[in-house]
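Order of listing sets the numbers, starting from 1, for every ligand and every atom in it.
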Amino acid sequence: MFNMNQNKTNFTRTSDWLAACGKEPNEKNLSLQFGCHLEELMEQIDEVILVGSVSDNESLEMAATRIKGIAHRLKTGATGIRIKNREKFLDALCDGEVTGNGVAFMANMDKNEADRRVLATNDMKLVNGKPVLSPGGKIMKPPGWVAPYLGDCV
Ligand SMILES: [Mg+2]
C-alpha cells in the first residue's frame, strides 16, 4: 500500500498531525505539549531501575513523581512555560532525540520499526483527516483504535 507519509521526517509527521487536530503554535499549546513531553520522559524513568544504590533509586523516583506533578499542571493549564533561550532550547530538543535514539540502539531495540508503528497508529486517531473530539474538545481515540504493538521490536 502506498504510504504518503513514508518520506516525511518524524517531525513533519508530528507537526502535520497536530495541525490536523487544530493545535496551532501558541503559548497555551506549547505549555501543554511540554507537559506531554515531560510525562513521556518520566515514563522512561519509570521503566528503569538504578542498580547498586537504593538511595539513588529513591531520589530518581522522587524526582520523577515531582516532575509528573508539574507535567499534569502544564497539561491542565494550571501553569505554563516560557522559553528562556530559544536556540539552546532547540539544541537540547535535537540532542534529546539523538541521545534517545542512542539509548534505543544500546538497548538493542528496533526503534525504526517502533517509530513507524507509533506514528502510523497516531495517524489512525484521525478519521478522514480529522480528530474525534469529546464534547469538552479533547482528542479521543476513535472506536476500534488499538495501541501500537512493540513486543517484537524489543
Ligand atoms: Mg506514553
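For a distance bound of 2.8 Å, the N, O or S atoms of E39 include none lying that close to the Mg ion (ligand 1).
The number of heavy-atom neighbours closer than 6.0 Å to CD of E43, taken from other residues, nucleotides and ligands shown, is above 12.
Looking at E40 and the Mg ion (ligand 1) together, the shortest N, O or S contact belongs to OE1. Nearest to the Mg ion (ligand 1), among the N, O or S atoms that E43 has, is OE1.
Remark: K28 NZ to Q33 CD distance equals 12.0 Å, nearest 0.5 Å.
Using a 4.0 Å cut-off between charged nitrogen and carboxylate oxygen, R13 and D115 do not count as a salt-bridge pair.
The side-chain contact (heavy atoms from CB on, under 4.5 Å) test with P148 is passed by exactly one of V118, L119, N122: V118.
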